[in-house]
Chemist: 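The structure under discussion is supplied below as C-alpha cells; questions concerning it will follow.
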Amino acid sequence: MSAASPPPATTPSTLARLAEAGVLAPLDVHFARMLGQLAPGTHADVLLGAAWASRAIAFGHVCADLRRIVERTITDAEGHELRDLAIPSMFGWVMALSGASTLVGDGDRPTPLVFDGDARLYLYRYHRYERMLAAALASRAGTTHPIDTAVARTTLDRLFAAEGGLQLDDRQREAAAVAAMRGLTVLSGGPGTGKTTTVVRMLALLQSLQLARGLPPLRVALAAPTGKAAARLVESIGKQVDALDCDDAVKRAIPRAASTIHRLLGFRGGSTTRFLHDAELPLSVDVVVVDEASMVDLALMAKLVDAVPQHARLVLVGDKHQLASVEAGAILGDICDAGTREHVGRSASFAAQLGAVTGGGAPSSGDAGPPVRDCLVDLVQNHRFGPDSGIGRLADAIKHGRSDEAMSRLQGAIGARRGELTMVPMTEADALPQVLRTSILEGYRGYLETDDPLLRLARLLQFRLLSPHRRGPFGVERLNQIVEQTLAHDGRIQPGTAWYDGRPILVTSNDYQLGLFNGDVGVVGRDGEGRLRAYFAGADGALRGFAPSRLPAVETVFAMTVHKSQGSEFDRVGLLVPRQISSLLTRELLYTAITRARAHVTLFGAAKVVADAIGKRIERASGLRDALWEP
C-alpha cells in the first residue's frame, strides 16, 4: 500500500461507539456511511472525518478542526472519557484526506468534503460560503470612496458637537468618517457605548456629503437578524434624527424603517434558504447597515454580502464580545479577530487620511497588513455604566477573562441588598422554587399590578430570568413553570389553561401579514368585553391586539435563554447557572447575560461553575479569520 494510502485507522465500530456515547448524532453517522456507499473502498478515516464535519455544524462550527479532535480528550455526554477509540493521528488524517478519494476536494469543484490541507475539514457548501464571504469582505475592505475632506470635517464638527448633555467620543466620530471613506465599516461596542448614536450621525454624514454634491440622496437599507432587533433599531434611530444639527433634507434622507435580513433579501416561493436578491439581481441600495451583526450566521451573511452591489457601502454593527449566532459561524468575532487584536493599528496611509477628516490622530502600524484593519472601529467608552459601576466592572473583567477580579466582585456581592450585584450561591440541597421565590414576587409585582396592556409591556422590562439552557433543571422551560406556580400560589395569576390573563409571550416565528416577528414580546390581557387578547406595541408605540388563535408560534417568557435575550435590556436580571460545569456556559454567555441589565444583576449558582465559564471562550472552528487576517 502506498504512503498516500495508509491502512485504515478507524474501524467501523468507532462511528458506532461515538454515536452510542452521544458524541456523534445518528444523522452524522448516516451521512458518513452514505458517503461510503457512494465511494466504496474509501479510507475509513475519511468517513470518520465526514461524520465529524457534519457534527461540527450542529455546534456552530463552520468546519471540523481535526487537530483539536486529535489533541483533546473525547468524552461522552456525561463527561466520561472514552478510552481505546481508534482515532487517527493528525498525520494519518492528513494522508487519508489528501489521497485520491473522490469525496474530498480543495473547494474548486463540488465534492462532499473540502480539506484545506492542514486541519480543517468542511462540508462543501460551508466552505463555499466561507470562501465567498471572505473574498467579498476583503474586496469591500479595500474599496475606497473619495470625499471632500473640508466638507466632511465641517459636517463632523456639527454632528458630533456635544449638546444637551449628549456624550460623544472621538471613536464615534472616527466611525462615521470610516464609513464615508471605505466600502466596509465594522462598528463594535458593548451596551451603552453609543452604537446607534454613531450610526445616526454616520448616515447624516453620508447623506450630507451626497447632497452637497448635488446628487440624489443615497438609498439606505437598515436590517437586523430578527424582527424585534429591526423594530428596536427603527425606534432608536427615530428618537435621534430630529435632534441632529443638519439640514432638514438630510434628516428626511435617513430612513425610518428597517427589516429583517431575510425580508430585505426577498423570499423565493417554496424555499427558506434561497432569496430573490443575489449577485445577479443585487439590492437597489447604496448603503446597507446591519445591526446586531454578531447574531448573523455564516450562510446568511454570505448571501447578504453577495446581494449588496459592489459600489454600495456595507456597515456591520454589533458587539464582538457577545454570543455568536445559534447557527454556524462567529462572523463578527472573526472579522474583528476578537481576542487577538483588541486594538488594531491602521495602515499609515489611511491613518493620515482619516486624521485629516476627523482632526484627530489614529494609531498606525505601517502599510503592510490586511485592508480589513482600516475598517474596524471599537467603541470602548461606556456612557451607561460609570467608572464605579458594579455591572460595568464585572462585565469588563469577564469579557477580558480576568477571572480572579470577576470572582472577587461576585464573592463580595454574596447576599448583598444594595449595589448593582447580588450573588446567591447554590448547592445541591437548595430547592430552586424556594431560592427564586422572593426574586419572582418582587420582579413581577409591578407587571401584574396593572391591567393596562401598554403599562404591562413597559413593566415587563423591569425584570427577566435568564438561563443558558432551554431544557433541564435550570432551563427556561422549568423556570417558566416555577414562575407560573409561584405567582399562582400568591394569587397573582390563574394559569389554568394555555392562555390566561397576565401571560407574557414571545413570538418564535415570523408572520408578515400580522406584522409579528420572531423575538417580539407581548402580553395577554382582557379587553373591555372580558375577552382574552394578546397585545403588542407597534413600531409607532401604538397598542395592537390580536385574538390568541391568530398568533404565530409563541412561548411563555417570564424566563428566556441568554441567546434569545441578545439585543434586549431589562432593569434587573436574574441569571441562573447550572450546578454542574456546562459546555454552553462560556465567557461570552456570561458577558451577554450580565450586560442585559441596566441597574442590577442577581447571579444564582455555584462559584466554581462561574469561574470555569469565565476561563472558557467560545471556540468556533472557521477559516474566515485566517482568510481576512493572514492572506
Side-chain angles (χ1 to χ4, degrees), residues 62-63 106-108 110 114 116 120 122-145 178-179 181-188 218-225 261-262 264-266 273-318 320 324-325 327-338 344 347 350 369-377 620 622-631:
V62 175
C63 57
D106 60 5
D108 289 339
V114 175
D116 71 349
R120 299 188 186 104
Y122 297 79
L123 301 184
Y124 174 77
R125 68 187 177 113
Y126 285 95
H127 183 268
R128 182 169 62 86
Y129 288 145
E130 184 178 277
R131 176 181 285 187
M132 183 169 68
L133 180 60
L137 290 175
S139 174
R140 292 179 186 281
T143 300
T144 60
H145 292 272
V178 169
M181 302 169 70
R182 306 300 291 234
L184 173 69
T185 303
V186 183
L187 178 64
S188 176
L218 295 167
R219 298 165 297 174
V220 179
L222 304 177
I261 298 173
H262 291 81
L264 176 66
L265 293 176
T273 59
R274 298 182 64 206
F275 298 101
L276 176 65
H277 293 287
D278 54 20
E280 295 182 1
L281 183 62
L283 296 162
S284 297
V285 293
D286 302 304
V287 182
V288 175
V289 178
V290 181
D291 197 20
E292 298 291 354
S294 64
M295 298 170 62
V296 184
D297 62 88
L298 171 66
L300 184 57
M301 186 66 82
K303 293 171 184 178
L304 171 64
V305 175
D306 189 48
V308 178
Q310 187 59 38
H311 77 274
R313 295 172 170 90
L314 176 64
V315 181
L316 304 179
V317 184
K320 65 185 181 184
S325 65
E327 305 297 331
I331 306 303
L332 193 64
D334 282 346
I335 295 172
C336 296
D337 204 0
V344 182
S347 65
F350 185 65
V372 68
R373 63 180 174 152
D374 286 337
C375 305
L376 308 182
V377 182
R620 289 199 167 178
S622 159
L624 180 61
R625 185 182 308 229
D626 287 352
L628 291 173
W629 286 95
E630 308 293 343

Chemist: Arg120 side chain to Ser622 main-chain N or O, any donor-acceptor pair under 3.5 Å?
Modeler: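 Checked: pair present.
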Chemist: Using side-chain heavy atoms (C-beta onward) and a distance below 4.5 Å, is Arg140 in contact with Gln310?
Modeler: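 Contact flag for Arg140/Gln310 side chains = yes.
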Chemist: How many angstroms lie between atom CG of Leu137 and atom CG of Leu316, to the nearest 0.5 angstrom?
Modeler: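 It is 7.0 Å, given to the nearest 0.5 Å.
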Chemist: Atom CG in Leu123, atom CZ in Arg128: separation rounded to 0.5 Å?
Modeler: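 Between Leu123 CG and Arg128 CZ, I get 12.5 Å after rounding to 0.5 Å.
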Chemist: Is it true that a side-chain atom of Asp306 and a backbone atom of Asp278 form a donor plus acceptor pair closer than 3.5 Å?
Modeler: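 No.
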Chemist: Can you see which heavy atom on Val285 is nearest to which on His311, and at what distance?
Modeler: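 Residues Val285 and His311, closest heavy atoms: O-NE2, 3.3 Å.
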Chemist: How close do Ala328 and Tyr126 get, counting heavy atoms only, and between which atoms?
Modeler: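 So the minimum-distance heavy-atom pair works out to CB-CE2, 4.0 Å.
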Chemist: Return the CG to CZ distance between Asp286 and Arg219, rounded to the nearest 0.5 Å.
Modeler: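 Between atom CG of Asp286 and atom CZ of Arg219 there are 4.0 Å.
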Chemist: Would you mind writing out the side-chain donor-acceptor pairs for residues 291-302 within the sub-3.5 Å range, not counting sequence neighbours?
Modeler:
residue: Glu292; atom: OE2; partner: Arg232; partner atom: NH2; Å: 3.3
residue: Asp297; atom: OD1; partner: Ala299; partner atom: N; Å: 3.1
residue: Asp297; atom: OD1; partner: Leu300; partner atom: N; Å: 3.1

Chemist: Show the numbers, then the answer: is there a side-chain contact (heavy atoms from CB on, under 4.5 Å) between Leu184 and Thr143?
Modeler: CA-CA 8 Å; Leu184 173 69; Thr143 300; over 6 Å; no
Chemist: Which atom pair, heavy atoms only, marks the closest approach of Pro370 to Trp629?
Modeler: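 Result for this residue pair: CG-CE3, 3.6 Å.
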Chemist: Let's go through Phe350 and Met181 carefully: what are the C-alpha distance in whole Å and the side-chain angles of both, what is the deciding distance for side-chain contact (heavy atoms from CB on, under 4.5 Å) to 0.1 Å, and is it a yes or a no?
Modeler: CA-CA 9 Å; Phe350 185 65; Met181 302 169 70; 3.7 Å; yes
Chemist: Would the distance check show the side chain of Glu130 and the main-chain N or O of Val62 forming a donor-acceptor pair, the cut-off being under 3.5 Å?
Modeler: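 No, because the side chain of Glu130 does not come within donor-acceptor range (under 3.5 Å) of the backbone of Val62.
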Chemist: To the nearest 0.5 Å, what is the distance between OG on Ser284 and NE2 on His277?
Modeler: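 Spacing of OG (Ser284) from NE2 (His277) equals 6.5 Å.
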Chemist: Does any non-hydrogen side-chain atom of Val288 lie less than 4.5 Å from one of Arg313?
Modeler: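 A side-chain contact under 4.5 Å is absent here.
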Chemist: First locate atom CG of Asp106, then atom CZ of Arg131, and finally report the distance between them rounded to the nearest 0.5 Å.
Modeler: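 Spacing of CG (Asp106) from CZ (Arg131) equals 6.5 Å.
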Chemist: Please determine which of Leu264, Leu265, Leu281, Ile261 meets the side-chain contact (heavy atoms from CB on, under 4.5 Å) test together with Phe275.
Modeler: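 With Phe275 as partner, Leu264, Leu265, Leu281, Ile261 yield a single side-chain contact (heavy atoms from CB on, under 4.5 Å), made by Leu265.
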Chemist: Apply the test side-chain contact (heavy atoms from CB on, under 4.5 Å) to residues Leu376 and Ile335: give CA-CA distance (whole Å), side-chain angles for both, the deciding distance (0.1 Å), then the verdict.
Modeler: CA-CA 9 Å; Leu376 308 182; Ile335 295 172; 4.2 Å; yes
Chemist: Between Ser347 and Arg373, does the side-chain contact (heavy atoms from CB on, under 4.5 Å) criterion hold? Intermediate values first, please.
Modeler: CA-CA 8 Å; Ser347 65; Arg373 63 180 174 152; 3.6 Å; yes
Chemist: Roughly how far, to the nearest 0.5 Å, is the CZ atom of Arg625 from the SG atom of Cys336?
Modeler: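 Between atom SG of Cys336 and atom CZ of Arg625 there are 9.5 Å.
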Chemist: Where do Ala179 and Thr185 come nearest, in terms of heavy atoms and distance?
Modeler: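 So the minimum-distance heavy-atom pair works out to CA-OG1, 3.1 Å.
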